[in-house]
A.B. asks: 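One structure coming up, written as structure tokens, with questions to follow.
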Amino acid sequence: MEKRKMKLWKKILIVILIIFIILSIFVIYRYNVLSDIYQKNNERFSESNYYYYSKTDDTIMEVWKKDQITKVNLKQVNGEGDITIWKDEGTGEEYTLYNKQKIYTESQGAVLGITPSGFAIIPDVSSRILVALNPMTYIGKKEYDNKECYYVKIDKQEEFIEKETGLIIYSNSELGERNINYRFNNITDEEVEKPDIKEYKNM
């Protein structure tokens, strides 16, 4: 009887060990993918010359970055809102233009760190581990727009991230769908030139 119990416990322990090993492999895989996404994404946006276009159900965002100048345009899809933010980090000049109302303000810090964010782009190692451990996290590979992508899903949120670059190209959540396009290293001076505020009134 005792021998049978010992054999049963050994079998149970072996099963538990196998399950633990399998789960560990999944967690390590998820963590490695999230690290790869963050590293590649960070490398792309450490460049000083890029453009991206992001469209959701409600808003269109365009961002131009060339050297020390950043220009951002935010438009509502329904046409009601249209805001342009321009900043020269070299001179400290920064303007926010409300294009519909033809008014502007001289602001500070509005366009710093403007890059596409997503739940799969995680700079903090501890947070990355927690996401990898989350049983609701799914990470696999799928094609989107003829591109090989990482597919990351947590609950009702999903993101397609281009495997080669670590860039989010599509996301879907309770906030709606978002499509993003990118352009690197061919931004012109004209695209980031200082806005003409002659017809605008200072608030």
Side-chain angles (χ1 to χ4, degrees), residues 12 14-47 49-65 70 72-78 80-81 83 85 110-185:
I12 291 170
I14 289 169
V15 170
I16 291 171
L17 181 62
I18 290 169
I19 292 171
F20 176 77
I21 291 169
I22 291 169
L23 290 174
S24 297
I25 290 169
F26 275 115
V27 170
I28 291 167
Y29 169 76
R30 291 170 181 170
Y31 177 81
N32 286 339
V33 169
L34 292 170
S35 297
D36 186 53
I37 289 169
Y38 172 71
Q39 182 179 352
K40 287 178 178 176
N41 186 275
N42 193 48
E43 285 173 2
R44 293 302 273 167
F45 284 104
S46 65
E47 297 176 18
N49 192 313
Y50 61 80
Y51 163 85
Y52 78 86
Y53 172 95
S54 171
K55 183 178 180 182
T56 67
D57 297 340
D58 303 312
T59 309
I60 295 171
M61 175 187 277
E62 291 183 278
V63 177
W64 297 261
K65 171 74 173 173
T70 305
V72 181
N73 185 247
L74 296 164
K75 287 183 181 178
Q76 287 180 277
V77 172
N78 62 16
E80 290 181 7
I83 298 172
I85 304 167
V111 299
L112 297 179
I114 296 289
T115 57
S117 60
F119 65 84
I121 298 173
I122 309 168
D124 182 64
V125 173
S126 300
S127 299
R128 219 178 295 156
I129 292 170
L130 289 174
V131 171
L133 286 168
N134 186 346
M136 300 302 293
T137 300
Y138 172 80
I139 298 178
K141 294 176 185 176
K142 284 187 180 182
E143 274 200 8
Y144 185 85
D145 196 25
N146 296 318
K147 296 175 182 176
E148 188 178 0
C149 296
Y150 289 122
Y151 175 71
V152 184
K153 185 173 183 180
I154 302 177
D155 296 326
K156 294 181 180 180
Q157 301 179 98
E158 61 177 355
E159 290 180 349
F160 285 84
I161 299 158
E162 191 177 19
K163 188 180 176 186
E164 184 180 346
T165 62
L167 299 173
I168 302 170
I169 57 175
Y170 173 83
S171 67
N172 190 12
S173 69
E174 292 177 354
L175 298 174
E177 295 182 90
R178 179 172 62 147
N179 286 280
I180 310 176
N181 294 302
Y182 304 85
R183 180 159 48 95
F184 289 88
N185 297 319

A.B. asks: Can you tell if the side chain of Tyr50 reaches within under 4.5 Å of the side chain of Arg44, non-hydrogen atoms only?
C.D. replies: no
A.B. asks: Donor-acceptor pair, distance only, cut-off 3.5 Å: does the side chain of Arg30 make one with the backbone of Asn134?
C.D. replies: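 Answer holds: yes.
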A.B. asks: Would you say that Glu177 contacts Asp57 through its side chain, given a criterion of any heavy-atom pair below 4.5 Å between the two side chains?
C.D. replies: yes
A.B. asks: Provide the closest heavy-atom pair for Ile139 versus Tyr29 in the form atom of the first, atom of the second, distance.
C.D. replies: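 The pair with the smallest heavy-atom distance is O-CE2, 3.6 Å.
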A.B. asks: Parallel, tilted or perpendicular: which describes the rings of Tyr151 and Phe160, with under 30° parallel and over 60° perpendicular?
C.D. replies: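 Correct class here is tilted.
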A.B. asks: Which heavy atom of Gln157 sits nearest a heavy atom of Ser173, and at what distance?
C.D. replies: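 Closest approach of Gln157 to Ser173: CG-CB, 4.0 Å.
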A.B. asks: Side chains of Tyr52 and Val63: does their closest heavy-atom pair fall under 4.5 Å?
C.D. replies: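 Yes, their side chains come closer than 4.5 Å.
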A.B. asks: How long is the span from the NZ atom in Lys147 to the NZ atom in Lys163, to the nearest 0.5 Å?
C.D. replies: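 NZ of Lys163 is found 15.5 Å from NZ of Lys147.
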A.B. asks: Could you tell me whether the side chain of Lys141 and the main chain of Glu148 form a donor-acceptor pair under 3.5 Å?
C.D. replies: no
A.B. asks: Specify the closest pair of heavy atoms between Glu162 and Thr165, including all atoms of both residues, with the distance to one decimal.
C.D. replies: OE1-OG1, 2.9 Å
A.B. asks: Calculate, to the nearest 0.5 Å, the distance between atoms CG and CD1 belonging to Leu23 and Ile28 respectively.
C.D. replies: 11.0 Å
A.B. asks: Considering all heavy atoms of both residues, which atom of Gly118 and which atom of Glu159 are nearest to each other, and what is their separation?
C.D. replies: CA-OE2, 3.1 Å
A.B. asks: Anything under 30° is parallel, anything over 60° is perpendicular, the rest tilted; go ahead and classify Tyr144 against Tyr170.
C.D. replies: parallel
A.B. asks: Under a 4.5 Å cut-off applied to non-hydrogen side-chain atoms, are Tyr138 and Glu158 in contact?
C.D. replies: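 Sidechains of Glu158 and Tyr138: no contact.
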A.B. asks: Of all the heavy-atom pairs spanning Ile83 and Asn73, show the shortest one and how long it is.
C.D. replies: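 For Ile83 and Asn73, the tightest heavy-atom pair comes out as O-ND2, 3.1 Å.
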A.B. asks: Is there a donor-acceptor contact under 3.5 Å from the side chain of Asn78 to the main chain of Glu80?
C.D. replies: yes
A.B. asks: If we check side chain to side chain contact (heavy atoms under 4.5 Å, CB included) with Tyr31, which of these qualifies: Leu130, Ile122, Val125?
C.D. replies: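 Exactly one pass, corresponding to Val125.
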A.B. asks: Are any non-hydrogen side-chain atoms of Phe45 and Pro116 less than 4.5 angstrom apart?
C.D. replies: yes
A.B. asks: Look at atom NZ of Lys55 and say whether more than 12 heavy atoms of other residues, nucleotides or ligands are closer to it than 6.0 Å.
C.D. replies: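 Open: at most 12 neighbouring heavy atoms sit under 6.0 Å from NZ of Lys55.
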A.B. asks: Check whether any side-chain heavy atom of Ile161 sits under 4.5 Å from a side-chain heavy atom of Ile168, and report yes or no.
C.D. replies: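 They are in side-chain contact.
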A.B. asks: So do the side chains of Tyr53 and Met61 get within less than 4.5 Å of each other, counting heavy atoms only?
C.D. replies: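 No; the side chains remain at least 4.5 Å from each other.
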A.B. asks: Kindly say whether Thr56 contributes a backbone atom to a donor-acceptor pair with the side chain of Asn179 at under 3.5 angstrom?
C.D. replies: no
A.B. asks: Is the backbone of Asn32 close enough, under 3.5 Å, to the side chain of Asp36 for a donor and an acceptor to pair up by distance?
C.D. replies: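 No; zero donor-acceptor contacts below 3.5 Å.
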A.B. asks: Per the side chain to side chain contact (heavy atoms under 4.5 Å, CB included) rule, which among Thr59, Ile60, Ile180 passes with Ser54?
C.D. replies: Ile180
A.B. asks: Within this structure, what is the CD-OH distance for the pair Glu43 and Tyr38, rounded to the nearest 0.5 Å?
C.D. replies: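 If I round to the nearest 0.5 Å, the distance is 10.5 Å.
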A.B. asks: So, for Thr137 and Val131, which heavy atoms are closest and what is the spacing to 0.1 Å?
C.D. replies: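 Nearest heavy atoms, Thr137 then Val131: OG1-O, 2.8 Å.
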A.B. asks: Quick one: does Asn41's side chain get under 4.5 Å of Leu167's, heavy atoms only?
C.D. replies: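 Yes, close enough: below the 4.5 Å cut-off.
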A.B. asks: Sequence neighbours left out, what passes side chain to side chain donor-acceptor pair (under 3.5 Å) with Ser35? Give chain and number order.
C.D. replies: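 Residues passing side chain to side chain donor-acceptor pair (under 3.5 Å) with Ser35: Arg128.
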